[in-house]
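Report on the structure given below.
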Amino acid sequence: MTNHVHVFDTTLRDGEQSPGVRLNLDQKLTIGRALVDLGVDIIEAGFPISSPGDFESVNTLAKELKGVTICGLTRARQKDIEVAAEALQPAERRRIHTGLGVSENHLQHKLRMTREQALEVGVNAVKLARQYTDDVEYFMEDSGRADPEYVYQVVEAVIDAGATVINVPDTTGYTAPDEYMALIRNIITHVPNSDKAIFSCHCHNDLGMATANTLGGVLGGARQVEVTVNGIGERAGNTSLEEVAVALHIRKDRFGCETNIQLNKLLAISRMVSELTGMIVQRNKAVVGANAYAHSSGIHQDGVLKERSTYEIIDPTLVGAEKSEIILTARSGRHGL
């Protein structure tokens with residue numbers, strides 16, 4: 001198994017689904033160019049059939065951005081896939097991302113299909129998408145709450161149909177890290193043709209575990225992570241790009257993996273996305289928050305002034321920050337002053 005983790009950024013699709021966020025085409029291009037410069041492998045540029053604006057965005061990014069795969073999201077429907085293929089046509093490298101829910105909750109209440117019906121629809125969608133590109137990603141929505149045996153069945157069938165990437169979403173942020181790691185590992189172990197696809201983590205942060213679950217998925221054998229800048233997205237958000245990239249770098253001893261992300265550009269793109277979306281980054285946000293490299297307690301100030309590594313495991317310059325800060329407060333001491 002390769003030790004390279006592909007970074008699939010969905011800031012412009014799932015991230016833009018944050019309530020209150022609306023990006024125009026120029027803003028999407030600005031973010032898209034910054035993502036290419038950052039070193040992401042795949043940019044999910046939008047959901048082409050959802051609106052004329054989304055179609056235009058995907059089509060324009062496909063024309064303008066080079067050196068990166070441009071991805072368009074679809075439902076497992078013929079028209080969706082045809083429209084996405086048209087929007088992606090100018091891309092240097094293109095990917096169609098299609099799929100269906102796999103949990104009983106989604107099958108019964110949303111899709112109103114039997115397992116067999118959903119499996120047939122999904123297989124046909126992959127076969128159609130393969131007529132337009134050899135890079136097809138299949139998402140199994142709500143995998144975190146699905147019957148594993150059905151998940152294995154779906155994975156095997158869609159890989160046989162031509163899917164090259166299998167997305168295993170924890171759509172509701174329900175799973176715990178050990179559960180998600182086991183889910184990925186068991187899929188790879190139980191599905192006979194799993195070696196023919198890359199497995200992808202797509203985790204939401206409803207219980208605050210999106211980053212932990214994604215890293216668990218990497219330990220389980222996933223080699224693609226689906227992330228957004230600053231972790232923006234539906235409800236409580238998606239997995240944070242900067243947290244995963246820095247965690248994989250700082251804990252190489254644990255994960256044994258690497259990405260193409262230029263870590264020293266993380267703070268700049270974080271601030272850009274915050275400004276363009278209006279989504280303020282909380283001060284105590286890991287990696288890019290204003291307080292991430294600030295020390296106010298006298299005990300901490302004394303320690304970090306004697307030896308930075310006593311309280312800082314990330315050198316601020318690694319992510320593009322200038323330096324640590326010593327903030328004088330009622331809890332500061334003589335050494336801090």
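Note that the numbering runs from 1 along the sequence shown for the chain.
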Any donor-acceptor N/O pair, Thr133 side chain to Arg94 backbone, under 3.5 Å | yes
Counting N and O atoms only, with roles assigned by atom type, does the side chain of Asp142 sit under 3.5 Å from a partner on the main chain of Gly101, one being a donor and the other an acceptor?
-> no
Measure the shortest side-chain to side-chain distance between Val40 and Asn260 over non-hydrogen atoms and say whether it is less than 4.5 angstrom.
-> no
Looking only at atom types and distance, does a side-chain atom of Ser274 sit under 3.5 Å from a main-chain N or O of Met279, one as donor and one as acceptor?
-> yes
Which heavy atom of Pro48 sits nearest a heavy atom of Val58, and at what distance?
-> CG-CG2, 3.9 Å
Has the side chain of Asn59 got a donor or acceptor atom that lies under 3.5 Å from a matching backbone atom of Ala87?
-> yes
Hey, is Lys28 close enough to Asp26 for a salt bridge, meaning N to O under 4.0 Å?
-> no
Counting N and O atoms only, with roles assigned by atom type, does the side chain of Glu141 sit under 3.5 Å from a partner on the main chain of His106, one being a donor and the other an acceptor?
-> no
Thr11 side chain to Gly15 backbone, donor-acceptor under 3.5 Å | no
Is the shortest side-chain N to carboxylate O distance from Asp206 to Arg235 below 4.0 Å?
-> yes
Is there a donor-acceptor contact under 3.5 Å from the side chain of Thr214 to the main chain of Ala210?
-> yes
Applying side-chain contact (heavy atoms from CB on, under 4.5 Å), run through Glu16 and Arg22 and close with a yes or a no.
-> CA-CA 6 Å; Glu16 200 200 13; Arg22 179 70 181 96; 3.0 Å; yes
Is the closest side-chain heavy-atom distance between Val154 and Tyr138 below 4.5 Å?
-> yes
Do Val244 and Thr239 have side chains that get closer than 4.5 Å, going by heavy atoms?
-> yes
For the pair Asp135 and Arg93, find out whether any cationic side-chain nitrogen is under 4.0 Å from an anionic carboxylate oxygen.
-> no
Could you tell me whether Glu242 and Lys285 have a side-chain N and a carboxylate O separated by less than 4.0 Å?
-> yes
In the hydrophobic clustering that connects Ile, Leu, Val, Met, Phe, Trp and Tyr at side-chain heavy-atom distances below 4.5 Å, which members other than Leu73 occupy its cluster, ordered by chain and number?
-> Phe47, Ile49, Phe55, Val83, Phe139
Hydrophobic side-chain clustering at under 4.5 Å (ILVMFWY, transitive links): who's grouped with Ile42? Put none if nobody.
-> Phe8
Are Thr317 and Asn264 close enough that some pair of their side-chain heavy atoms sits under 4.5 Å apart?
-> no
For Glu92, does the CD atom have more than 12 heavy-atom neighbours from other residues, nucleotides or ligands under 6.0 Å away?
-> yes
Do any N or O atoms from the side chain of Ser18 and from the backbone of Gly233 form a donor-acceptor pair under 3.5 angstrom?
-> yes
Side chains of Glu137 and Glu226: does their closest heavy-atom pair fall under 4.5 Å?
-> yes
So, for Ile70 and Ala62, which heavy atoms are closest and what is the spacing to 0.1 Å?
-> CG1-CA, 4.1 Å
Determine whether Asp41 and Val68 make a side-chain contact, defined as any pair of heavy atoms from C-beta on separated by less than 4.5 Å.
-> no
More than 12 non-hydrogen atoms from neighbouring residues, nucleotides or ligands closer than 6.0 Å to CZ on Arg75, yes or no?
-> yes
Considering only heavy atoms from C-beta outward, does the side chain of Arg95 approach that of Val136 to under 4.5 Å?
-> no
Hey, does the side chain of Asn238 reach the backbone of Thr228 with a donor-acceptor pair shorter than 3.5 angstrom?
-> no
Would you say Glu120 has more than 12 foreign heavy atoms packed within less than 6.0 Å of its CD?
-> no
Do you know which of Val319, Asn230, Ile269 makes side-chain contact (heavy atoms from CB on, under 4.5 Å) with Val288?
-> Asn230
Does Asp147 come within less than 4.0 Å of Arg115, counting only side-chain N to carboxylate O?
-> yes
Using modelled atom types only, decide if a donor and an acceptor are shared between the side chain of Asn186 and the backbone of Ala182 within a distance under 3.5 Å.
-> yes
For Asn24, all residues meeting side chain to side chain donor-acceptor pair (under 3.5 Å), sequence neighbours excluded = none
Could you check whether the rings of His202 and His204 sit parallel, tilted or perpendicular, using 30° and 60° as the cut-offs?
-> tilted
